[in-house]
K.L.:
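Okay, handing you the structure first.
Just so we're on the same page: letters track the sequence lines, and every chain starts at 1. The structure presented is a predicted model; accordingly, all values stated were derived computationally and were not measured.
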Protein chains: 2
Amino acid sequence: MRDREETRGKILEAVGKILAEDGFQGIGINNVSRKAGVDKVLIYRYFGDLPGLLREFASNGDYWPSMKTLIEDAENAEKAPFPLEASDLAIALLKGYIRELGSSNSAQELLLGELISRNELSAVSAERRERQGADLIEALVRTAPEAGKIDAAAMAALLSAGLTYLMLRARTSDAYLGIDIASEGGWIRIEKAMEDLVRGVFRASEMDDEQSQDRRPQ
Amino acid sequence: MRDREETRGKILEAVGKILAEDGFQGIGINNVSRKAGVDKVLIYRYFGDLPGLLREFASNGDYWPSMKTLIEDAENAEKAPFPLEASDLAIALLKGYIRELGSSNSAQELLLGELISRNELSAVSAERRERQGADLIEALVRTAPEAGKIDAAAMAALLSAGLTYLMLRARTSDAYLGIDIASEGGWIRIEKAMEDLVRGVFRASEMDDEQSQDRRPQ
DNA sequence: ACCTCCTGTCACCGGTTGGTGACATTTTAA
DNA sequence: TTAAAATGTCACCAACCGGTGACAGGAGGT
């Protein structure tokens, strides 16, 4: 009742809870204070204003699933019987991304919020994820150098963007372009399509190598 | 001043204007009435309530760029010197989609609105576009039957979803996964990546054909 | 001329938003 | 013990939201 840090904690906790339950748009001074069981004037005292609260939440909260485990999982899988091809690694990363994103409502809300408006929370979270994404690409090219021949970043961007959109879309629609994105079966089709696209582009790049230059590296 | 139809027209027109200028979230009774120069009570009289207004607007307005011209353009291009491959047609369609979507702020707002919430407007527009999308896939498979061997719908869904997300994302962010989606150069990379992915998967599907069965159709 | 219906105008409702000033209580330091 | 500073409480603000009731004026039909 008289502990500043505890009160601050309850407020930040409430922000996280609202983000996960009510969604990004539910985050407001009145709603947060109500959910935290705290007078809203304390929010102003401790965080300045709403943007300040969001800024604080963005830099402290662990609202985004760790991409580190995603990379580690994929790199561990690389130590499988025979070395994975770049395509396998890329596919593993993208499938991991689907899994992580699909299981975190907060992450989905955050991504949605980033689309809707620029604000303190979305700016910080976007910037943080941007860094993680760069790490991901870097990890891909590092462990599978042949991925460097193609514009892996642009393809990863396009495919992960597609997966992201379909994930967000499934929240309000059942179908997209005839695909039943609300069902398990629809997502199996999407994963398969993603897999075929990735494999196809790597195989095509190999073919081009054989045609254009006779000696192949390694 | 005493013409019901004219007033109705001004109201619907204002909805379209708000959609294009202020965005989806700006559509509200008070805002519409202000923009239309009409007392808001008339909106209630002529359209019932806000959902009713949106329903009316959704079924009358031409807020979505015509996909028909998109298909026709692609099919006319098919009458080029030598018949286009399925991959060329698919790429042409997707590039057309980028062009159409990129030039229509209303369309972008509508897509954003569909992500945010289910309401009368987003429901109708989503359903209408769903039909157009099915036409698109149908046109693709019709003019290029070899596309039927792969899950063209799932791939089209994934790729167009990716393009859509990046387009919406560019409204609030400058970069995505290191790609500068706010610049022309970034979009050239994205288009190129999309092209490589599509070509790759078609070529891979041809290779599989040659391996699995010796006689190829046509 | 009368009455009715339709169009348009205006003031108002309860509820929400982000934000502030004044004050009581508690904790801490001198 | 006393004074200052931090913490918590409450009432209030203007601006907005979607929605409604009452009323004025004009048009058409009888």
K.L.:
Tell me: CG of B:Asp3 to P of C:dG8, nearest whole Å?
P.N.:
8 Å

K.L.:
Could you check how far CG of B:Asp39 sits from P of C:dC12, rounded to whole Å?
P.N.:
15 Å

K.L.:
Give a yes/no answer on whether the side chain of B:Asn30 brings an N or O atom under 4.0 Å of OP1 or OP2 in D:dC17.
P.N.:
yes

K.L.:
Let me know the distance between CG of A:Leu50 and P of C:dG18, rounded to the nearest Å.
P.N.:
6 Å

K.L.:
Taking for each residue the nucleotide of DNA chain D bearing the nearest heavy atom, is the 5' side occupied by A:Tyr46 or by A:Lys40?
P.N.:
A:Tyr46

K.L.:
Rounded to whole Å, how long is the line connecting atom OH of A:Tyr44 with atom C1' of D:dG8?
P.N.:
17 Å

K.L.:
How would you label the contact of A:Arg8 with the nucleic acid (heavy atoms, under 4.0 Å): base, sugar-phosphate, or nothing?
P.N.:
nothing

K.L.:
Can a donor-acceptor pair be found between the side chains of B:Asn105 and B:Arg171 at a distance below 3.5 Å?
P.N.:
yes

K.L.:
Under 4.0 Å, heavy atoms only, any strand: does B:Val38 hit a base, just the sugar-phosphate, or nothing?
P.N.:
nothing

K.L.:
Between D:dC17 atom P and B:Asp49 atom CG, what is the distance in whole Å?
P.N.:
17 Å

K.L.:
Over how many whole Å does the gap from A:Arg4 atom CZ to D:dA5 atom C1' extend?
P.N.:
12 Å

K.L.:
Taking OP1 and OP2 of C:dT7, is either one under 4.0 Å from a side-chain nitrogen or oxygen of B:Thr7?
P.N.:
no

K.L.:
Rounded to the Å, how far apart are A:Phe47 CZ and C:dG18 P?
P.N.:
15 Å

K.L.:
Indicate, with a heavy-atom threshold strictly under 4.0 Å, whether B:Ile29 touches base, sugar-phosphate, or nothing.
P.N.:
sugar-phosphate

K.L.:
Does any pair with a residue in residues 134-168 of chain A pass ring pair (Phe, Tyr, Trp, His ring centres under 6.0 Å), and if so which ones, sequence neighbours excluded?
P.N.:
A:Tyr165-A:Tyr176

K.L.:
Shortest non-hydrogen contact from B:Met167 to B:Ile98?
P.N.:
CE-O, 3.3 Å

K.L.:
The test is side-chain hydrogen bond (donor to acceptor under 3.5 Å, both in side chains); show your working for B:Ser173 and A:Glu114 and say whether it passes.
P.N.:
CA-CA 8 Å; B:Ser173 298; A:Glu114 291 172 18; 5.4 Å; no

K.L.:
Between A:Arg34 and C:dT17, does any side-chain N or O lie under 4.0 Å from OP1 or OP2?
P.N.:
yes

K.L.:
What is the nucleic acid contact for B:Leu42, judged by heavy atoms within less than 4.0 Å: base, sugar-phosphate only, or nothing?
P.N.:
base

K.L.:
Quick one: B:Asn31 CG to D:dC17 C1', roughly how many Å, whole number?
P.N.:
11 Å

K.L.:
Does any part of the side chain of B:Arg129, heavy atoms only, come nearer than 4.5 Å to the side chain of B:Leu111, both counted from C-beta?
P.N.:
yes

